[in-house]
Trainee: 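Can you keep this structure in mind? I'll have questions shortly.
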Amino acid sequence: QVQLVESGGGLVQAGGSLRLSCAASGRTFSSYTMGWFRQAPGKEREFVAAITWPSSKKYADSVKGRFTISRDNGKNTVYLEMNSLKPEDTAVYYCAARALWGMSSFSTDYDYWGQGTQVTVSS
């Protein structure tokens with residue numbers, strides 16, 4: 001069983017930055033593919049970014065060049081650095097863990113989810 005706890009959300013002006021963190025429990029963190037997803041009001045949950053071990057990364061086109069995903073296996077933590085934020089980035093951001101090795105942008109491929117953290121970008 002893996003527990004995920006996100007932090008770092010908040011209110012920021014357009015063009016600003018935020019860094020989300022996701023702390024994971026469990027001794028096999030390094031073997032998990034970790035992903036970030038987001039869900040805006042009235043919309044479906046969508047893929048944002050994912051990272052495998054050792055460091056293969058994938059991004060949604062909408063965030064490429066602005067967001068960076070990284071992980072610190074020593075701290076069992078995955079990060080999402082978000083720069084040049086836009087109002088359309090406003091959403092609840094969820095951290096997810098996939099027990100099977102391999103990159104995926106599909107939410108159904110992830111086994112564990114955090115409770116989410118709100119990111120609001122004002123114009």
Side-chain angles (χ1 to χ4, degrees):
Q1 188 73 14
V2 175
Q3 291 186 325
L4 304 172
V5 179
E6 303 100 332
S7 61
L11 173 64
V12 64
Q13 288 188 332
S17 299
L18 281 175
R19 187 175 83 155
L20 305 183
S21 300
C22 173
S25 65
R27 294 176 292 177
T28 58
F29 173 79
S30 63
S31 67
Y32 284 85
T33 293
M34 299 300 297
W36 287 97
F37 292 77
R38 67 186 182 186
Q39 188 167 17
K43 295 188 176 181
E44 293 188 353
R45 191 169 298 189
E46 65 174 3
F47 171 75
V48 176
I51 184 169
T52 64
W53 176 253
S55 62
S56 178
K57 302 176 183 180
K58 184 176 183 177
Y59 297 94
D61 288 342
S62 59
V63 307
K64 209 170 288 184
R66 300 188 298 122
F67 291 11
T68 302
I69 190 170
S70 62
R71 66 192 300 164
D72 184 337
N73 288 337
K75 295 182 178 180
N76 278 16
T77 301
V78 63
Y79 305 96
L80 186 68
E81 184 76 36
M82 305 186 295
N83 298 314
S84 302
L85 282 161
K86 304 175 181 180
E88 50 264 43
D89 294 318
T90 296
V92 177
Y93 283 71
Y94 296 91
C95 174
R98 181 176 191 227
L100 289 177
W101 185 89
M103 180 63 72
S104 175
S105 59
F106 297 99
S107 61
T108 52
D109 285 341
Y110 287 78
D111 305 288
Y112 305 101
W113 292 83
Q115 82 288 350
T117 185
Q118 177 70 47
V119 171
T120 303
V121 184
S122 63
S123 57

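Both backbone and side-chain heavy atoms feed into the values below; hydrogens, waters and symmetry mates do not.
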Trainee: Heavy-atom count around Lys75 NZ within 6.0 Å, excluding the residue itself: above 12?
Mentor: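 No, not enclosed.
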Trainee: Just how far is it from atom CZ of Arg19 to atom CG of Asn83, taken to the nearest 0.5 Å?
Mentor: 11.5 Å
Trainee: Can you give me the closest heavy-atom contact between Phe37 and Ser105, atom names plus distance?
Mentor: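 Scanning both residues completely, I find the closest heavy atoms to be CE2-O, 3.6 Å.
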Trainee: May I ask you to test the Gln118-Thr90 pair for a side-chain heavy-atom distance under 4.5 Å?
Mentor: yes
Trainee: Would you give the length of the straight line joining atom CD of Gln13 to atom OG of Ser123, rounded to the nearest 0.5 angstrom?
Mentor: 9.5 Å
Trainee: Whether Arg71 engages the ring of Tyr32 as a cation-pi pair (distance to the six-membered ring centre under 6.0 angstrom, angle to the ring normal within 45°) should be assessed.
Mentor: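 No, Arg71 and Tyr32 do not form such a contact.
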Trainee: Could you tell me which residues satisfy salt bridge (charged side-chain N to carboxylate O under 4.0 Å, His left out) with Arg66, sequence neighbours excluded, listed by chain and number?
Mentor: Asp89
Trainee: Between Leu20 and Gly9, what is the shortest heavy-atom contact and its length?
Mentor: CD2-N, 3.6 Å
Trainee: Say whether Tyr59 and Leu85 are linked into one hydrophobic cluster, either directly or through other cluster members, by side-chain heavy-atom distances under 4.5 angstrom.
Mentor: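 Yes, one cluster joins them.
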Trainee: Roughly how far, to the nearest 0.5 Å, is CG of Asp72 from OG of Ser30?
Mentor: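 Reported value, rounded in 0.5 Å steps: 11.5 Å.
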Trainee: For the pair Glu6 (side chain) and Gln115 (backbone), establish whether a donor and an acceptor sit closer than 3.5 Å, ignoring hydrogens and angles.
Mentor: yes
Trainee: Kindly work out whether a path of hydrophobic side-chain contacts (I/L/V/M/F/W/Y, heavy atoms less than 4.5 Å apart) joins Val119 to Trp113.
Mentor: no
Trainee: Following the transitive rule for hydrophobic clusters with a side-chain heavy-atom cut-off under 4.5 Å over Ile, Leu, Val, Met, Phe, Trp and Tyr, establish whether Leu4 and Leu18 coincide in one cluster.
Mentor: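 Same hydrophobic cluster.
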Trainee: Work out which heavy atom in Ile51 is nearest to a heavy atom in Ser70; give both atom names and the distance.
Mentor: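 Where Ile51 meets Ser70 most closely, the heavy atoms are CD1-CA, 3.9 Å.
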Trainee: Rounded at 0.5 Å granularity, tell me how far CH2 in Trp101 sits from OG in Ser56.
Mentor: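 Reported value, rounded in 0.5 Å steps: 7.5 Å.
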Trainee: Can you find a heavy atom in the side chain of Val63 that is under 4.5 Å from one in the side chain of Arg38?
Mentor: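 Side-chain contact under 4.5 Å: yes.
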Trainee: Linking I/L/V/M/F/W/Y whenever their side-chain heavy atoms sit closer than 4.5 Å, directly or via other members, would Ile69 and Val92 fall into one cluster?
Mentor: no
Trainee: Is there a donor-acceptor pair closer than 3.5 Å between any side-chain N or O of Arg98 and the backbone N or O of Thr33?
Mentor: no
Trainee: Indicate the ring-plane relationship of Tyr93 and Phe67, choosing parallel, tilted or perpendicular according to the 30° and 60° boundaries.
Mentor: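 Tilted, since the angle between the ring planes falls between 30° and 60°.
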Trainee: Measure the spacing between CD of Glu44 and OG of Ser107 and express it to the nearest 0.5 Å.
Mentor: 8.5 Å
Trainee: Determine whether a donor-acceptor pair (N or O, by modelled atom type, separation under 3.5 Å) exists between the side chain of Thr52 and the backbone of Met103.
Mentor: no
Trainee: Can you confirm whether Lys43 is buried at NZ, in the sense that more than 12 heavy atoms of other residues, nucleotides or ligands lie under 6.0 Å from that atom?
Mentor: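 Open.
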Trainee: Counting neighbours of CD on Gln3 that are heavy atoms of other residues, nucleotides or ligands and sit closer than 6.0 Å, is the number greater than 12?
Mentor: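 Counting neighbours around CD of Gln3, 12 or fewer heavy atoms of other residues, nucleotides or ligands fall under 6.0 Å, so no.
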Trainee: Has Tyr110 got a side-chain atom pairing as donor or acceptor with Ser104's backbone, closer than 3.5 angstrom?
Mentor: yes
Trainee: Find out if a path of hydrophobic residues (ILVMFWY) with successive side-chain heavy-atom gaps under 4.5 Å connects Met34 to Leu80.
Mentor: yes
Trainee: Is the shortest side-chain heavy-atom distance between Cys95 and Trp36 below 4.5 Å?
Mentor: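 Heavy-atom side-chain distance check passes, below 4.5 Å.
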